[in-house]
Amino acid sequence: MEKDNIAVGLDIGTTKIVAMIGKKNEYGKLEILGIGKSKSLGVARGVVNNITQTIQSIQQAILEAENNSGYKIKDVVVGIAGQHIRSIQHTDYISRNNPEEVIGEKDIQLLIDQVNKLAMLPGEEIIHVLPQEFKIDGQSEIKEPIGMYGGRLESSFHVVVGQASSIRNVGRCIQSSGIELSGLTLEPLASADAVLSQEEKEAGVALIDIGGGTTDLAIFKDGIIRHTAVIPFGGNVITDDIKEGCSIIEKQAELLKIKFGSAWPGENKDNEIVSIPGLRGREPKEISLKNLSKIIHARVVEIVEQVFAEIKAYGHEDPRKKLIAGIVLTGGGAQLKHIKQLVEYITGMDTRIGYPNEHLAGNSSEEISSPLFATAVGLVMNSIENSTQSAIRLEVVNEQPKVVYRTVEQPVQQRYEVEENYVEKVEAIEESRPVRTKAEAESTETKIRRSFFDRYVDKIKDFLDNAE
């Protein structure tokens with residue numbers, strides 16, 4: 001029997017940290033075994049700014065996932081984002097010694113390793129080297145070069161670069177939490193794996209993942225990653241605007257946004273009002289839902305316009321680079337009411353909300369199918385692709401001891417078959433035993449007690465004699 005490949009993804013976000021344990025079922029779908037969530041403390045805009053608090057939050061999420069699943073986590077694939085992430089296009093080539101030999105995996109790996117040695121700006125590190133299209137001896141637009149002949153192998157690459165210190169801080173938080181880091185994945189790429197279909201990637205699509213502290217963008221065309229970007233604004237700035245605009249505390253602002261928030265101010269009537277409890281006995285505060293949606297609308301427009309500027313920078317207006325499948329929205333911010341309509345209005349592109357349920361097993365809970373967990377699901381999928389055995393089954397320690405009944409073999413002469421005269425035989429044995437009177441039985445017990453007591457007294461005497 002094949003051993004289950006247990007995969008673990010850890011999404012370190014600005015508002016929440018999610019640890020997810022999963023495996024592939026017999027139908028090739030992702031079965032989630034356990035999930036742990038904790039409030040993210042020590043992370044701002046996708047970057048760790050307090051090591052101790054981040055470690056505590058990670059440990060809390062890991063422990064909850066372990067308790068829910070019954071697995072002990074050994075290592076994780078971590079999502080990385082933050083405003084320090086940037087991407088560059090690069091072209092490189094290798095000259096092969098023997099053009100008569102077919103191109104294999106080792107040739108492509110040699111080319112990727114060569115790109116990994118690129119000189120970056122001080123303090124920067126390469127996170128991903130993603131091959132796009134290959135060229136063999138001048139023949140271009142080759143997607144799969146393996147098995148072909150050629151002397152010069154060339155490829156264009158999408159290189160994702162990040163700040164080395166930020167990457168190391170994430171690694172340190174993981175190791176200090178008592179687990180190993182098995183891989184780093186750019187969060188928009190993980191989200192894309194979870195919510196995009198291959199058809200959309202072929203047609204051309206922009207994935208917008210609106211998180212708590214950052215908005216991540218990944219653009220695909222012809223099945224290839226073309227552009228990635230991280231914008232340092234997310235759901236938190238919307239909450240901050242509500243807090244300032246309505247003069248309320250952050251917790252109340254977040255609840256207002258989730259329960260009554262809308263990205264489209266036209267739908268609320270002027271007389272729709274929500275009452276917020278006052279602080280420490282003060283009068284309740286009344287807030288107009290129309291004003292609330294105006295505040296949210298202004299900030300969402302700003303975020304979407306920045307993302308659209310990145311889509312234009314990729315060259316969406318060029319007919320050959322047109323994104324036919326439009327935009328897919330995911331992340332916690334995608335749950336905001338009427339955000340789909342607003343994005344369509346600003347960009348003029350078809351838009352849908354991306355749910356990770358396409359890759360999930362049928363028995364998955366509704367909570368896991370939320371856009372909120374798209375990145376975590378993508379990270380687990382990434383871990384499965386790497387064939388990591390990231391968790392081991394825990395032995396159940398609290399189980400009640402089982403009572404095992406054993407058949408004790410009696411000597412042949414004392415074993416009696418159950419037959420008609422069985423009772424008579426038993427009575428005969430009982431009669432043959434010597435009968436002790438009650439007084440005899442008592443005297444025997446008294447002797448045993450006395451002999452024990454005498455021995456005990458003698459021991460004490462010896463001890464006292466020696467002590468003198």
Side-chain angles (χ1 to χ4, degrees), residues 81 85-91 128-135 138-145 154-161 186-211 214-231 233-234 263-264 300-331 333-334 336 338-356 358-359 371 374-375 378:
I85 301 287
R86 68 184 184 94
S87 60
I88 53 173
Q89 293 295 119
H90 177 73
T91 304
H128 289 295
V129 173
L130 306 165
Q132 293 180 313
E133 285 167 324
F134 292 89
K135 197 186 275 189
Q139 184 190 341
S140 59
E141 293 184 8
I142 296 168
K143 286 187 181 177
E144 185 51 85
E154 191 178 334
S155 177
S156 56
F157 291 92
H158 184 76
V159 184
V160 180
V161 182
L186 189 64
E187 291 200 349
L189 295 180
S191 303
D193 286 343
V195 302
L196 297 180
S197 67
Q198 192 54 41
E199 289 83 3
E200 284 176 319
K201 289 179 181 179
E202 288 287 341
V205 66
L207 176 87
I208 303 172
D209 184 344
I210 306 170
T214 59
T215 299
D216 306 333
L217 171 71
I219 296 173
F220 292 84
K221 178 75 176 172
D222 301 326
I224 296 163
I225 181 82
R226 298 292 180 183
H227 186 69
T228 52
V230 178
I231 291 143
F233 298 112
W264 200 265
V300 173
V301 166
E302 189 185 341
I303 292 168
V304 174
E305 281 178 346
Q306 285 211 36
V307 174
F308 194 41
E310 288 283 349
I311 294 171
K312 283 178 181 172
Y314 147 75
H316 162 66
E317 286 163 353
D318 182 337
R320 288 173 303 167
K321 293 183 173 182
K322 194 169 177 64
L323 304 176
I324 297 163
I327 290 170
V328 176
L329 292 171
T330 193
L336 191 61
H338 298 118
I339 193 166
K340 171 184 173 291
Q341 289 85 338
L342 181 62
V343 172
E344 283 181 340
Y345 176 75
I346 293 170
T347 62
M349 296 165 75
D350 287 339
T351 306
R352 75 170 178 90
I353 306 296
Y355 298 92
E358 185 187 329
H359 301 284
T375 304

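Because the structure is predicted, anything quoted here is derived from the model rather than measured. Heavy-atom basis, side chains included; hydrogens, waters and symmetry copies ignored.
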So NE2 of His128 and CD1 of Ile225: to nearest 0.5 Å the spacing works out to 9.5 Å

Do Ser87 and His158 have side-chain heavy atoms sitting under 4.5 Å apart?
-> yes

Would a 4.5 Å heavy-atom cut-off, applied to side chains only, mark Ile85 and Asp216 as touching?
-> no

Of all the heavy-atom pairs spanning Pro356 and Val195, show the shortest one and how long it is.
-> N-CG1, 3.9 Å

Would you call Lys221-Glu133 a salt bridge at under 4.0 Å N-O?
-> no

Got a second to check how far Ile219's CD1 is from Ile224's CD1, nearest 0.5 Å?
-> 14.0 Å

Distance in Å, Glu302 CD paired with Ile346 CD1, rounded so as to fall on 0.5 Å steps | 11.0 Å

What is the minimum heavy-atom distance between Phe157 and Pro131, and which atoms define it?
-> CD2-CA, 3.6 Å

d(Met349 CE, Leu323 CG) to nearest 0.5 Å is 4.5 Å

Please check if the side chain of Glu344 supplies one atom and the backbone of Thr351 the other of a donor-acceptor pair under 3.5 Å.
-> yes

For a quick test of your reading: what N or O donor-acceptor pairs under 3.5 Å do the side chains of residues 199-208 make, sequence neighbours left out?
unit_1	atom_1	unit_2	atom_2	d
Glu200	OE1	Ser197	N	3.1
Glu200	OE1	Arg352	NH2	2.9
Glu200	OE2	Arg352	NE	2.9
Glu200	OE2	Arg352	NH2	3.3

In short, Ala374 meets Ala194 closest at the heavy-atom pair O-CB, 3.3 Å

Crowding at CD, Glu144 (>12 non-hydrogen neighbours, <6.0 Å) | yes

Heavy-atom closest contact (Gly234 atom, Ile303 atom, distance) = O-CD1, 3.9 Å

So, the side chain of Thr215 versus the backbone of Phe233: is there a donor-acceptor pair under 3.5 Å, distance only?
-> yes

Any His90 side-chain heavy atom under 4.5 Å of Val129 side chain = no

The single option from Gln306, Glu305, Lys312 that satisfies side chain to side chain contact (heavy atoms under 4.5 Å, CB included) with Phe308 is Lys312

Heavy-atom side-chain contact between Leu336 and Leu342 under 4.5 Å = no

Enumerate the residue pairs fulfilling salt bridge (Lys or Arg N to Asp or Glu O under 4.0 Å) with a member in residues 313-325, sequence neighbours excluded, ordered by first and then second residue.
-> Asp318-Arg320

Is it true that the side chains of Thr375 and Asp209 contain a donor and an acceptor less than 3.5 Å apart?
-> yes

Apply the test side chain to side chain contact (heavy atoms under 4.5 Å, CB included) to residues Leu189 and Thr228: give CA-CA distance (whole Å), side-chain angles for both, the deciding distance (0.1 Å), then the verdict.
-> CA-CA 8 Å; Leu189 295 180; Thr228 52; 4.3 Å; yes

Polar side-chain atom of Ser156 near backbone of Gln132 as donor-acceptor pair, under 3.5 Å | no

Side-chain heavy atoms of Leu329 within contact of Pro371, under 4.5 Å = no

Would a distance-only check, ignoring hydrogens and angles, find a side-chain to backbone donor-acceptor pair under 3.5 Å from Lys143 to Asp222?
-> yes

Just wondering, do Val304 and Thr347 contact through their side chains at under 4.5 Å, heavy atoms?
-> yes

Taking atom CD of Gln139 as the centre, report whether more than 12 heavy atoms of other residues, nucleotides or ligands fall under 6.0 Å from it.
-> no

